[in-house]
Amino acid sequence: MTLTLFFMALIIFTAVMFLKNEETLYTYEDVTLSIDKPTFITLGDAQITTEGDVTTNTYPLTFLSLSVGSLTITEETLPNGDVFLFDKAENTSWMPITFSVNRSGLEDAMITHWNEEPMLQQEEAVYGTDATRNPFGVVRSTDTETLVGNVYVSRTLSLGNGERVQELRHEIFNFPVEEGVMEKSLWLPPKHQSESWMLISTEALFDSSETETEWVQFANENRRAQFNWLTPDGPRQKMELTDDLRTELAYTIPEQPDSVYREWFEKTSSRFFGSMEQYISE
């Protein structure tokens with residue numbers, strides 16, 4: 001009897017972890033986003049809400065009819081027509097979930113990486129060390145230019161003063177591109193969430209390759225100038241250190257984030273800086 005139960009559990013575990021199927025989540029111009037997930041994890045029908053220029057699709061995730069979390073895709077159209085696309089997965093269960101959010105159609109795309117140089121891990125007296133890196137980079141395909149953000153895996157913490165923050169557990173910043181498909185693969189622990197984003201434009205994001213290179217170098221040397229961890233509610237930034245040791249990797253959304261994007265937009269007229277300024281002011 002014990003052996004039978006063991007093999008049944010092994011079969012279920014194998015099915016959950018290795019048998020997968022792919023479902024399309026989003027399409028815009030030449031951007032197609034899909035999720036590659038275990039077959040036994042069911043993606044339910046989306047609950048759709050629209051508020052102004054923001055549309056949110058929330059999909060329930062179930063395992064053998066039991067709720068294990070949700071996947072949320074949020075599309076925000078900026079005044080200049082560019083699109084921010086956010087994805088957030090929440091694992092509310094006590095078992096890990098593995099999946100991949102994929103973008104296809106990149107057979108002829110050109111990729112400019114923003115993370116080729118080592119990051120300068122600056123220790124600041126007020127904020128400590130910001131562990132986040134620059135976004136993955138810009139993907140230039142047939143009809144669009146897309147700045148691809150990293151994946152941030154975190155868990156929610158309640159600090160001693162009652163403030164709720166996100167503790168960064170892992171950042172994924174390197175995504176393989178094979179046979180025209182970019183894969184954001186991750187292992188989501190129990191009671192954790194993952195967040196990622198893309199900025200999609202049908203226009204060139206930078207006025208020149210030199211401006212893009214200058215910005216990446218500037219952001220690498222001025223860590224709080226580049227907002228790396230973006231959400232539909234605003235950018236998460238490293239919070240100030242407190243006596244609570246958990247603030248060493250705690251991130252929160254500031255009410256009024258300081259930005260240099262307007263200054264760079266006035267200097268270069270590059271669309272990226274204008275889009276970031278519009279995102280922050282929304």
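For the numbers below, each heavy atom of this structure counts, side chains included, while hydrogens, waters and symmetry mates do not. Just so you know, residue 1 is the first one in the sequence shown, and it goes up from there.
When only modelled atom types and interatomic distance are considered, N102 and S100 share a side-chain donor-acceptor pair under 3.5 Å. The closest side-chain donor-acceptor pair between Q166 and T156 falls under 3.5 angstrom. In the model, N21 has a side-chain atom that pairs as donor or acceptor with a side-chain atom of K37 under 3.5 Å. Remark: the D82 side chain and the S275 side chain contain an N/O donor-acceptor pair separated by less than 3.5 Å. Using modelled atom types, one finds a donor on one side chain and an acceptor on the other under 3.5 Å when comparing S196 with K184. With no hydrogens or angles considered, no side-chain donor-acceptor pair links S154 and R169 at under 3.5 Å. Remark: the S270 side chain and the D207 side chain contain an N/O donor-acceptor pair separated by less than 3.5 Å.
Here the straight-line distance linking atom CZ of R271 with atom CG of L147 works out to 13.5 Å at 0.5 Å rounding. The distance from atom CG of N80 to atom CD of Q278, rounded to the nearest 0.5 Å, is 4.0 Å. Distance check, rounded to the nearest 0.5 Å: CG of N57 to CG of D87 gives 12.5 Å. N174 contributes atom CG, which lies 9.5 Å from atom CG of N150 (distance to the nearest 0.5 angstrom).
Looking only at side-chain heavy atoms (C-beta outward), L230 and N228 stay at 4.5 Å or farther from each other.
Checking side-chain atoms of S201 against main-chain N and O of E203 turns up a donor-acceptor pair under 3.5 Å. At distances below 3.5 Å, not a single donor-acceptor pair connects side-chain atoms of T252 with backbone N or O atoms of V165. No donor-acceptor distance shorter than 3.5 angstrom exists from the side chain of E76 to the backbone of L85, with no hydrogens or angles considered.
Of all non-hydrogen atoms in F99 and S194, the two that sit nearest each other are CZ-OG, 3.8 Å.
Between F206 and F273, the distance separating the two ring centers is shorter than 6.0 angstrom. When ring centroids are compared, Y261 and W264 stay outside the 6.0 Å threshold.
Among the candidates E29, R103, E107, the single residue satisfying the side chain to side chain donor-acceptor pair (under 3.5 Å) test with S141 is R103.
Note that K238 lies outside the cation-pi zone of Y127, set by a 6.0 Å cut-off to the ring centre and a 45° limit from the axis. Cation-pi contact between R236 and Y251: absent, since separation from the ring centre below 6.0 Å together with deviation from the ring axis within 45° is not met.
Among residue pairs with one or both ends in residues 141-165, those qualifying as ring pair (Phe, Tyr, Trp, His ring centres under 6.0 Å) are Y152-W229; sequence neighbours excluded.
Under the ring-ring contact (aromatic ring centres under 6.0 Å, His included) criterion, F86 pairs with F84, not counting sequence neighbours. For E145, the salt bridge (Lys or Arg N to Asp or Glu O under 4.0 Å) test picks out R140, with sequence neighbours left out.
Around CD of Q47, the count of heavy atoms belonging to other residues, nucleotides or ligands within 6.0 Å does not exceed 12.
In this structure, W114 and F272 have perpendicular ring planes: the angle between them is above 60°, well past the 30° mark.
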